[in-house]
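Each remark here refers to the structure printed beneath this line.
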Amino acid sequence: MFSLPSLPYDYGALEPFIDKETMVIHHDKHHGGYVQNLNDVLKDNSVFLDMDVFELVKNFDRISSEIRTKVANNAGGHANHSIFWQMMAPASGQKPEGKLAEAIDETFGDFKTFQEKLTQAGMGRFGSGWAWLISGKEGLSIMDTPNQDTPFAAGKFPILGIDVWEHAYYLKYQNRRTDYIEAWWNVVNWKEVEKRFLEAKLP
Ligand code: MN3
């Protein structure tokens with residue numbers, strides 16, 4: 001069985017950038033819904049039900065075709081949100097440091113250019129989806145995915161990601177996705193991103 005992980009901070013901890021009501025609905029109802037649907041659709045498939053979600057998302061080809069899309073959507077949603085909550089923290093004015101900061105400068109020129117590129121990926125994603133910073137053998141790169149497609153399913157390791165579904169921002173920002181993304185930069189948990197960056201380098 002899959003379970004909904006608790007937020008690593010209070011629902012209101014990301015205020016004023018991400019409002020409490022959005023966090024309650026986003027975490028409890030949206031993420032909670034993916035977990036519930038995933039448990040429902042896999043209820044007769046104990047092999048998959050017992051997997052870690054990050055393992056499951058690499059095994060969609062083993063799922064029977066009748067339920068594969070439903071499993072992929074909900075497992076992707078569960079995996080994406082599970083890392084997303086960790087990638088945010090109450091605003092502390094942090095910036096990337098050390099090896100991660102060096103890699104960002106090396107790949108994108110400077111931090112500001114990197115921010116612009118990830119913002120553009122989030123703005124350019126038509127409809128619902130995500131924008132990601134990926135770390136791999138070839139270094140850092142940016143990608144975006146539609147709906148709840150997850151980079152893990154494509155063998156990629158995201159170290160930072162932003163949810164650009166309207167449910168992530170509509171209550172506070174309505175149609176202004178650009179304002180949401182600008183605000184979101186204040187609550188990026190760079191310590192977590194750096195941790196994931198160093199993990200991604202492991203063989
Ligand atoms: Mn979401």
Side-chain angles (χ1 to χ4, degrees), residues 2-42 52-54 56-58 60 69-91 115 118-134 142-154 156-190 192-193 196:
F2 298 94
S3 56
L4 179 62
S6 304
L7 285 182
Y9 35 73
D10 292 338
Y11 291 106
L14 307 182
E15 296 260 13
F17 303 106
I18 314 284
D19 61 292
K20 181 178 179 178
E21 191 183 6
T22 293
M23 290 299 290
V24 169
I25 296 171
H26 197 176
H27 176 268
D28 294 8
K29 306 296 181 191
H30 289 277
H31 189 178
Y34 298 127
V35 171
Q36 177 75 55
N37 290 338
L38 188 57
N39 285 329
D40 287 349
V41 69
L42 286 175
D52 182 272
V53 72
F54 298 102
L56 176 63
V57 294
K58 291 177 186 157
F60 291 152
T69 301
K70 193 166 181 195
V71 171
N73 287 339
N74 289 289
H78 181 26
N80 289 342
H81 288 86
S82 293
I83 59 173
F84 182 55
W85 310 129
Q86 301 289 336
M87 289 166 173
M88 296 188 288
Q115 279 189 304
L118 189 66
T119 297
Q120 279 164 16
M123 290 306 296
R125 165 56 34 213
F126 184 77
S128 298
W130 295 76
W132 305 99
L133 176 64
I134 303 293
I142 285 173
M143 75 184 288
D144 58 274
T145 54
N147 303 312
Q148 293 300 355
D149 286 9
T150 184
F152 295 106
K156 311 272 189 196
F157 190 81
I159 62 169
L160 176 62
I162 177 166
D163 186 344
V164 295
W165 283 58
E166 284 187 345
H167 69 223
Y169 62 86
Y170 206 85
L171 289 179
K172 183 175 172 76
Y173 296 101
Q174 292 82 48
N175 60 320
R176 303 187 309 279
R177 186 187 287 187
T178 182
D179 290 357
Y180 156 66
I181 297 178
E182 198 182 319
W184 172 82
W185 282 109
N186 291 284
V187 294
V188 172
N189 181 354
W190 287 108
E192 172 69 13
V193 181
R196 295 184 66 81

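For ligands, and for the atoms within them, numbers begin at 1 and follow the listed sequence. This chain uses plain numbering: 1 for the first residue, then up along the sequence.
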Under the ring-ring contact (aromatic ring centres under 6.0 Å, His included) criterion, do W184 and Y169 qualify, and how do the steps go? CA-CA 10 Å; W184 172 82; Y169 62 86; over 10 Å; no
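Enclosure of atom CD in Q174 by more than 12 non-hydrogen atoms of other residues, nucleotides or ligands within 6.0 angstrom is indicated.
A salt bridge links R125 and D144; the closest N-O separation between the charged side-chain nitrogens and carboxylate oxygens is under 4.0 Å.
Between the side chain of K172 and the main chain of P16, a donor-acceptor pair closer than 3.5 Å is present.
Note on the Mn ion (ligand 1): protein N/O/S atoms under 2.8 Å are H26 NE2, H81 NE2, D163 OD2, H167 NE2.
None of Y9, F84, W85 except one satisfies the ring pair (Phe, Tyr, Trp, His ring centres under 6.0 Å) rule with H27; the exception is W85.
Checked by atom type, the side-chain pair Y34/N80 shows no donor-acceptor distance below 3.5 Å.
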